[in-house]
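Owing to the predicted nature of the structure, the values given are computational and were not obtained by experimental measurement. Chain identifiers are assigned alphabetically (A, B, ...) following the order of the sequence lines, protein sequences preceding nucleic acid strands; residue numbering begins at 1 within each chain.
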Amino acid sequence: MRIGELARRTGVSERALRYYEEQGLLTPQRRPSGYRVYGDADVAAVRRIRILLGAGLNTAQILEILPCIVDEDGWLTPDCPELVDALRQQRDRIDDAIGELETTRANLDTIIGSEKAAASRGTRPPS
DNA sequence: CTTCTAACA
DNA sequence: TGTTAGGA
C-alpha cells in the first residue's frame with residue numbers, strides 16, 4: 001500500500017508518516033517512481049509508535065526500544081529491560097512535571113488570594 | 001488524482 | 001505538524 005492508504009488505515013497524517021520515516025521509525029520500500037510502499041506490518045508498527053509517543057517518549061527513544069517490543073493482541077509487551085527502563089524513566093519525569101505544576105498552582109493561589117489582590121479587585125472606591 | 005521534496009505569512 | 005508550491 002502507498003502512504004495515502006496507510007494514513008487512512010492508521011488515522012495518522014501522511015506528514016507524520018514521512019516524519020516517522022525520517023526518524024528511522026519506518027523504512028518503507030520505494031517504487032521506481034519514488035512512491036513509498038508499506039506492508040501490512042507497518043499498520044501495526046504505526047500503532048505501536050503512536051502508543052509510545054502517547055506515553056511521552058520522543059522518536060529517538062522509540063527508535064531505541066522499538067526492537068524490544070513484542071506485538072501481542074493490539075497492546076505492547078515490554079520484551080527487554082531497556083524498554084521497561086525507558087518507561088520507568090518517563091514515569092519519573094511525569095512525577096517531576098506534576099510537582100512543578102503543583103508549585104506553580106500554589107503560587108497562583110497565593111497571588112489570587114492575597115489581601116492586596118482582593119482589595120484592588122473588589123474594594124476600589126469610586127473616584 | 002496521488003505522491004514527492006522542500007520550505008514557511 | 002499543517003500547509004503549500006512546483007513537479008512527476
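- Taking only side-chain nitrogens and oxygens, S33(A) never comes nearer than 4.0 Å to OP1 or OP2 of dT3(B).
- The phosphate of dT3(B) (OP1 or OP2) has no side-chain N or O of R36(A) nearer than 4.0 angstrom.
- For Y19(A) against dT1(C), no side-chain N or O and base N or O form a donor-acceptor pair under 3.5 Å.
- Residues Y38(A) and Y35(A) fall into different hydrophobic clusters, defined by Ile, Leu, Val, Met, Phe, Trp and Tyr side chains chained together at heavy-atom separations under 4.5 Å.
- You'll find the side chain of R47(A) reaches within 4.5 Å of the side chain of V43(A), heavy atoms only.
- Residues L63(A) and Q23(A) form no side-chain contact, since every pair of their non-hydrogen atoms from C-beta on lies 4.5 Å or further apart.
- Using a 4.0 Å heavy-atom criterion, one finds that Y20(A) contacts the sugar-phosphate atoms exclusively.
- Applying the 6.0 Å contact sphere to CZ of R30(A) captures more than 12 heavy atoms from other residues, nucleotides or ligands.
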Exercise for the section: For DNA chain C, produce a single dot-bracket line, 5' to 3'. Pairs: Watson-Crick or G-U wobble, both distances under 3.5 Å. Symbols: ( ) within strand, [ ] crossing, | other strand, . unpaired. Expected result: .|||||.|

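- Look at CG on L17(A): it is 10 Å from P on dC4(B), rounded to the nearest Å.
- Nucleotide dC1(B) holds its C1' atom 15 Å from the CD atom of E5(A), rounded to whole Å.
- Counting any heavy atom pair closer than 4.0 Å across all strands shown, R30(A) reaches sugar-phosphate atoms only and no base atom.
- Between Q61(A) and G56(A), the closest heavy-atom pair is OE1-O, 4.3 Å.
- Between R15(A) and dT3(C) there is no side-chain polar atom (N or O) within less than 4.0 angstrom of OP1 or OP2.
- Toward the 5′ end of DNA chain C lies the nearest nucleotide of A16(A), the other residue of the pair A16(A) and Y35(A) mapping further downstream.
- If you take CD of E21(A) and P of dT5(B), they are 7 Å apart, rounded to a whole angstrom.
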